[in-house]
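Read through the structure below, which is laid out as structure tokens, and then see the notes.
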There are 2 protein chains.
Amino acid sequence: MTKRKQARHHQIIAELTASPVVRISSLATQLGVSAETVRRDIDELTRQGLVERTYGGAASQHIGFQPAVLDRDRMAVIERARIARHAAGLVGDGDVVMIDAGSTTTQLARALAARPLSFTVLTNNIDVAAALGHNPRCRVILAPGDFDGRERGLFGAETTAFLHRFHADLAFIGASGITADGATEVETRAVWVKREILERAARTLLLVDSSKFDSRHLEIVCPLERLGGIVTDRVPGGALGLAIRRAGLNLEIAPVDQNMLDSPQKNV
Amino acid sequence: MTKRKQARHHQIIAELTASPVVRISSLATQLGVSAETVRRDIDELTRQGLVERTYGGAASQHIGFQPAVLDRDRMAVIERARIARHAAGLVGDGDVVMIDAGSTTTQLARALAARPLSFTVLTNNIDVAAALGHNPRCRVILAPGDFDGRERGLFGAETTAFLHRFHADLAFIGASGITADGATEVETRAVWVKREILERAARTLLLVDSSKFDSRHLEIVCPLERLGGIVTDRVPGGALGLAIRRAGLNLEIAPVDQNMLDSPQKNV
DNA sequence: CCCATTTTGTGGTAGTTCCGGCATTTTTAT
DNA sequence: ATAAAAATGCCGGAACTACCACAAAATGGG
């Protein structure tokens, strides 16, 4: 292993920490060697398990990335992005916000990161923290606890005890389902955290996409009237819609983003 | 936007949550449509900023991924992988291990995740938690605190106070440099956590690559004799080597992995 | 300094992807 | 039901990538 070769390997890995994919052709130009050499370099790094080979280039090994989301939850990505974007607009400057663990709330954090506000976030989800961590105007406090790799969050007695010591202006929680009886959840451990958040925040908004309407799960997190409002993508009908109106909840419907069509185009 | 098209978009995004890159050809087969259609789908998703276009496919937008590593630190990736792999071998079944935040220690966690052991990990780094979170034989406890997006870890009074309540058999810490006077570190906030870990663990090993030899930074974490040992990639010479021998430290040199050459090859 | 080894470049072929245009099918609206 | 619009598939040439084998160049001891 010569110095030059080693330096190239380092450079390739460095590129991959910046971008998730690199192309052999661009690396060849950039490193001043032939594409064939780069190809051999990547093959070697692949054997060492440091990068992943792709057609035309290499990709970074996303070790603990997001095998998270359960299969059932995978299908509402676009709706959830809309909901998250809308919810992010409800946060004001200087707010202290609690954010629950969940796929919608992770999206919320990403949307929040783009807003030009100063605020403080308390969360038990590492992706929420990671998304907001680079915003210098935002203070992120992560709760302790037992780490769950599927939910990518922290749960247990340590978590609730920690949250108990704080107070928030606004909180966002997710749920597995919502019925006229209230928000329902599959994960028992997550329920305790959600209840603690409800307890510690002046106002709590539930983030659910319409696929969760009338979906009843193991445990009821709280009755509808305990919530401050619901952010979703469609007006719920039937018994659920009635119950929501009766409970006097603030119902926020995330609008379809029309100007999505001419947003910046990124080419590789 | 028809239902079928929307379903494809969802499916494409779902695939990307599982794998960082997908290929148009495989998607075409999988979705039962022509490659042209998939290409158009991806173009659309790209305009919406939901995925990133690559040659032959698409990649996931890695929002808060790892722009982490400082430029100075970027260059020793391969050495650090070796060190991490070796250090992982030092953990025994049933151990309680504390792991510091840092790029080498993140690698350590990845190596540990592959070992068939039961153990408990306490850490202040979210990548360490994420790497180990899917191992059912491993309990991961994450410390609370103020989240730092650059270091991807937790720091501050909450962090040290939390760690103070635990005890570990073994701890791994990183450092910005090592001199005859001890381990040195740039980040003041990180130093407090490292000191707390030193305090709470029966035995502490320092993980440093050879580029950090004789590199003095703002603060001294601890004198050499306070450490239980050092894991690195090369025998340190000069004053540093002498001081290490004099302090009676256990010096572990990570071997070059010769059988790296016939490890499993992954093709996309 | 020379030899053995490793590393790198080149050339050619085969396989993939890209892009544009156009015909066909499906969906939507009147 | 019918026309307009949208979505999809197919084709062919151009551009790119993969793979292989071999030659040239650089490297590292003895």
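First the proteins, then the strands, lettered A, B, ... as listed; each starts at 1.
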Find the distance [X]:[atom1] to [N]:[atom2] and express it as a whole number of Å.
X     : N      : atom1 : atom2 : result
B/R23 : C/dG15 : CZ    : P     : 15 Å
A/D43 : C/dT6  : CG    : P     : 18 Å
B/I24 : D/dT17 : CD1   : C1'   : 15 Å
A/Y55 : D/dC19 : OH    : P     : 9 Å

Can you list everything that forms a salt bridge (charged side-chain N to carboxylate O under 4.0 Å, His left out) with B/D214? Sequence neighbours excluded, please.
none
What pairs with B/E185 under salt bridge (charged side-chain N to carboxylate O under 4.0 Å, His left out), at least two apart in sequence or on another chain?
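B/E185 satisfies salt bridge (charged side-chain N to carboxylate O under 4.0 Å, His left out) with B/K194 only.
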Under 4.0 angstrom between A/R39 side-chain N/O and D/dT17 OP1 or OP2:
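For A/R39, the contact criterion (side-chain N or O under 4.0 Å from OP1 or OP2 of D/dT17) is not met.
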What is the per-nucleotide protein-contact pattern of nucleotides 6-13 of chain D, from the 5' end, where B denotes a base atom under 4.0 Å from a protein heavy atom, S denotes such proximity for sugar-phosphate atoms only, and - denotes neither?
-SBBBB--
Without swapping roles, check the side chain of [X] against the backbone of [Y] for a donor-acceptor pair under 3.5 Å.
X      : Y      : result
A/D233 : A/S210 : yes
A/T105 : A/D100 : yes
B/S25  : B/A35  : no

Any side-chain heavy-atom pair from B/T232 and B/I178 closer than 4.5 angstrom?
no
